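Below is one structure; the comments refer to it alone.
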Amino acid sequence: MPGGIQQLLSQLVRRAGWNTTVVCFADEGSEATDADMPAQVVRITRARDHRLSVARLAGATAREVRRLRPDLVLSGHLVLGPAVVAATRRPRRATAQFVYAKELGTRQRVAREVLERIDATVTISEYSRELAISAGAPPERVHLVLPGGGSDGSERPDEQAREPTLVTVARLEDRYKGFDVVMRAMPLVRARVPGARWVVVGDGSLRSQLQATAERWGLGACVSFLGAVDDQTRDGVLRRAAVFVMPSRVPAGRAAGEGFGIVYLEAGAAGLPVVAADEGGATSAVLDGVTGLLCDPRDHVAVADRIVRLLTDPQLARRLGEAGYVRQRELSWERMAREVDAIVRSLIAR
Amino acid sequence: MAETLVHRGPDDGFVHVDARNAVAIGARRLSIIDVEGGRQPLSNEDETVWAALNGEIYNYRQLRDDLLDRGHRLATRCDTEVLVHLYEDFGPDLVHALEGMFAFVIWDSRSQEILLARDRFGEKPLFYATTDGELSFASELSALRAIDDRGAIDPLAMQGLLTLGYVPGPRTMYERVQQLPAGHVLRWPLASRRALTTKYWEMPPSCSANGSPLADLVDEAEDLLDRSVCSRLVADVPVGVLLSGGLDSTLVAALARRSRTELKTFTVAYDSGVVNEDVPARATAALLHAEHHELRLTSAWIGDHVPALLSAIDQPIADPAFVALAAISQLAREHVTVAVGGEGADELFFGYPRYRWLAHADRLAQMVPAGGAATMAGLVRRTGGPGRARRMTDVLQPASPLHRNLGWITDGLLEQRAGFYGPRLQEHSHSGDLRSLLSAAWEDIGGTAAAAARLDQGSYLCDDILQKADRASMSASLEMRTPYLDRTLAEFSASVAPETHMAGGGKNLLRRVLQRTLPAAGGGRKKTAFRVPLAAWMRGPLRAAVHDHVIEGRLVRDGWVQAAAASGLVARLDAEDAAARQLWPMLCAGAWLDAQR
């Protein structure tokens, strides 16, 4: 599973119709992706040290800017912001910076320096917009473009085959995604819906403890950790499930949590209603009472309540699932590319 | 029966009797939330479900809102009423919705079933007995006396008291009475009249990898503890903090200060002995601009009050800090109805140095063959030093981790104490029974330190620390709340690797939170935890009580302790502090025995 940022940027480059050169890290299998990418791709080998890797990427970006003299330089991640700002000063070129959530908390100094100087800051949710402004971006230069998601060609899913199953799709690395809260909610869910199961798709360092906790709490038979699976298997799980659940909270301190949550739109593509948090980026991805039910992501009783409502009220679940399907079609990658393109053109035209 | 518990609930008391089914539920109330409307027992709309609650449900406001959303009608603002309606929705699984310290009963006349439940850590006690198809239950052992033949005294409980300093649950001092273990529910269908006990919660297994940077873990610890402190400050009555001056209570006080404009703190000091907590506690209180109250325990107070305290307790606890906690509770009750304390931090966040020593011993055992280690232990022992040298000897000496841990928690006196047992205990093969009881709770997942912490969470915390806190505070009609024993915070602690917890001398995360919250406190002092000048007390104001209850009382007369051994210890009392440590459990057991009918 590619991460959300990777997915967003590659969809943008594919659909925006620009004459683009992409500078990025070389990853396993990247040649295959590059082959059908409508762009020149400059791949940089990672160093062992992360900071050194970023420095290499920054150097390559500066070189490409000098060489190509582009109309606009778009930084896909804040770590490259300083390099982009420096490389476009003389001669002056238009710049834009994509921001999400996490990096705005963990790199506050860089964020301030970059966002004060960049021509446009593109945010991906209301929450991401608030974070960018509080990180120092002048509000008039901040744009909000919701990501796309789901699958543009997906057929409307069959409504007959649903099981009382909850599904979560996420890398099991970030505690804020609320696996702990869903685990606490499960006994309450099962008290109301005895056949309810929870399937977790994704792998990561949290998996072993979550799995052991499920066993210890007697939930071993109704909670499954599938690990990392291919897209087809994941789509199959989503199509058989009844509710997508991922109550990502905004963590304490500098960490920022979910910037948007493309996966919520992917759930919509499978016709699934969503249970998510009433805070953070999810509030832009999931419309409360329309495509899902939002609640306090720390309150496992509230999470259980929303899950049970969806499992025991098929009409409500279907209405929300259908609205989720329609919404992900509307919030397509095409639409996102058009909106970013409009921003880019207005910057170039200045 | 309920009248024997007036000290737990002096404000009012009622009994619901369902004569047709021969079910009666009584409750005494210490009014904290909805002082006017919270009479217990409470029922649902059609009076088919009744509940009585001892303790506090901290998330009752959210639960109440959820219930109203789901169409329930609630007549009071009282947390007990929430239980009744949650039960209608979830049945016995309602326990999964509760955050708090509680022991409660629900009588469902429709399904003809009684449900008893106890909170996750065992903060609130719940005793029960089943005799001839009848179930009787109460928050204290003494209340069961009113209706039940509790049977003979349990030798294993007595052994636990004399050796560990507490009665290991689910046993009680009486053979026929049991405690409902922490995190358990008991169902009693009237049809079968058999108790069905089920565990509904336990700590998640210990974690080997954190998955997050340390800074994020500190952020999360601070956030969760802050939320927990806030939830425990919810009360319609004044709230204070029991402050020892150590890290745990200082941090709780510092976080409480954030949300309270006025803060009252209470601490205890002694007029004898070496360790006093009044100076650091006073300094902390000054930093927090708290209204600070100090109690100095004088020899005269000890002599006047301790024998009565030890006799009046329903189930004896030989933890000397009980005395200080009971005294400070009395002082606090003059100013507040609810107090928060630092209980549970050491067990959940790896505060005891023992955990680090156990980890050292583990590593050593992997590196050095047993024979070599034993020789080294012999050499260190010959240096004859106290403290660290003795600990070092123990670390080097090859032993099973459980055995090493037991040796340390019994102050190295496990075998010696067993040597004092009288004929009533001799029959029970010295400490063997006790070992097998504790070894059942020893779970070797995540290393020895994690196993020891787990054992402490399930045994020492539940059966000593929390019983002590409950009995001491309730003896003064003070409600004590423990922010560290928040379910989410505890589960978070289990998701952090023991090595991370133990770094920098233990309680790594809590120390870092304190450094942020109250930098002037310097990250908290080393552990002292209401330490008590036991030897000075027993040589002075308690000498007569020792004579009455250890030498002359039922302890020796009934054959629990050998007369010669008891006399020998008393004779050595003036010369050896260790004799005082050995005599204290005997005094506690003796005073309690002599008070029984």
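To find a chain, count down the sequence lines: A is the first, B the second, and so on, and within it residues start at 1. These numbers come from a predicted model, not from an experiment.
Salt bridge B/Glu99/B/Arg232: present, at least one basic N to carboxylate O contact under 4.0 Å. Residues A/Lys177 and A/Glu258 are paired through a salt bridge, judged by an N-O separation under 4.0 Å between the basic side chain and the carboxylate. B/Asp65 has no carboxylate O lying under 4.0 Å from a charged side-chain N of B/Arg61, or vice versa, which leaves the two without a salt bridge. For A/Arg175 and B/Asp216, the salt-bridge test fails: no basic side-chain N is under 4.0 Å from an acidic carboxylate O. Ion pair B/Asp219/B/Arg516 flagged as a salt bridge, since at least one NZ, NE, NH1 or NH2 atom sits closer than 4.0 Å to an Asp/Glu carboxylate oxygen. Ion pairing of A/Asp203 with A/Arg207 is present here, as a side-chain N (NZ or NE/NH1/NH2) and a carboxylate O approach within less than 4.0 Å.
Among the candidates A/Ala185, A/Ala252, A/Gly204, A/Ala304, the residue making the largest number of heavy-atom pairs closer than 4.5 Å to chain B is A/Ala252. Put simply, of B/Val218, B/Leu94, B/Asp89, the one with the most heavy-atom pairs under 4.5 Å next to chain A is B/Asp89. Taking chain B as the reference chain and counting heavy-atom pairs below 4.5 Å, the highest number among A/Arg309, A/Arg184, A/Met183 is found for A/Arg184. Chain A forms the most heavy-atom pairs under 4.5 Å with one residue out of B/Pro92, B/Pro205, B/Ser495, B/Gly91, and that residue is B/Pro205.
When the heavy atoms of residues 220-229 of chain B are compared with those of chain A, the residues falling under 4.5 Å are B/Glu220, B/Asp223, B/Arg227, listed by number. Taking non-hydrogen atoms and a 4.5 Å limit, the residue list of residues 209-222 of chain A in contact with chain B, ordered by number, reads A/Gln209, A/Ala212, A/Thr213, A/Arg216, A/Trp217. Near-neighbour residues of residues 187-199 of chain A relative to chain B, defined by a heavy atom under 4.5 Å from a heavy atom of that chain, comprise A/Pro187, A/Leu188, A/Ala191, A/Arg192.
A donor-acceptor pair is defined here as one N or O able to donate and one able to accept, closer than 3.5 Å; such a pair exists between the side chain of A/Thr168 and the backbone of A/Val245.
Residue B/Leu86: no heavy atom, backbone or side chain, is found under 4.5 Å from chain A. Looking at B/Glu202, both its backbone and its side chain come within 4.5 Å of chain A, counting heavy atoms on both sides. Looking at A/Arg249, the atoms closer than 4.5 Å to chain B (heavy atoms on both sides) all sit in the side chain, from C-beta outward.
Counted by atom type alone, B/Tyr58 and B/Asp486 present zero donor-acceptor pairs between their side chains at under 3.5 Å. Inspection of the B/Gln457 and B/Arg454 side chains reveals an N or O donor paired with an N or O acceptor under 3.5 Å.
Shown here are the side-chain contact (heavy atoms from CB on, under 4.5 Å) partners of A/Ile133, two or more places apart in sequence or in another chain: A/Arg129, A/Pro139, A/Val142.
Classified by interplanar angle (parallel below 30°, tilted 30° to 60°, perpendicular above 60°), the ring pair B/Phe492/B/Phe349 is tilted. Aromatic ring pairs are classed by plane angle as parallel below 30°, tilted from 30° to 60° and perpendicular above 60°; the pair A/Phe244 and A/Tyr264 is perpendicular.
Residue B/Ile57 forms a side chain to side chain contact (heavy atoms under 4.5 Å, CB included) with just one option from B/Leu98, B/Asp119, B/Val82, B/Thr80, and that option is B/Leu98.
Taking the six-membered ring for Trp, B/Tyr87 and B/Trp107 have ring centres at least 6.0 Å apart.
Between A/Asp278 and A/Asp288, every side-chain heavy-atom pair lies at or beyond the 4.5 Å cut-off.
For B/Arg110, the CZ atom sits in a packed shell: over 12 heavy atoms of surrounding residues, nucleotides or ligands are nearer than 6.0 Å.
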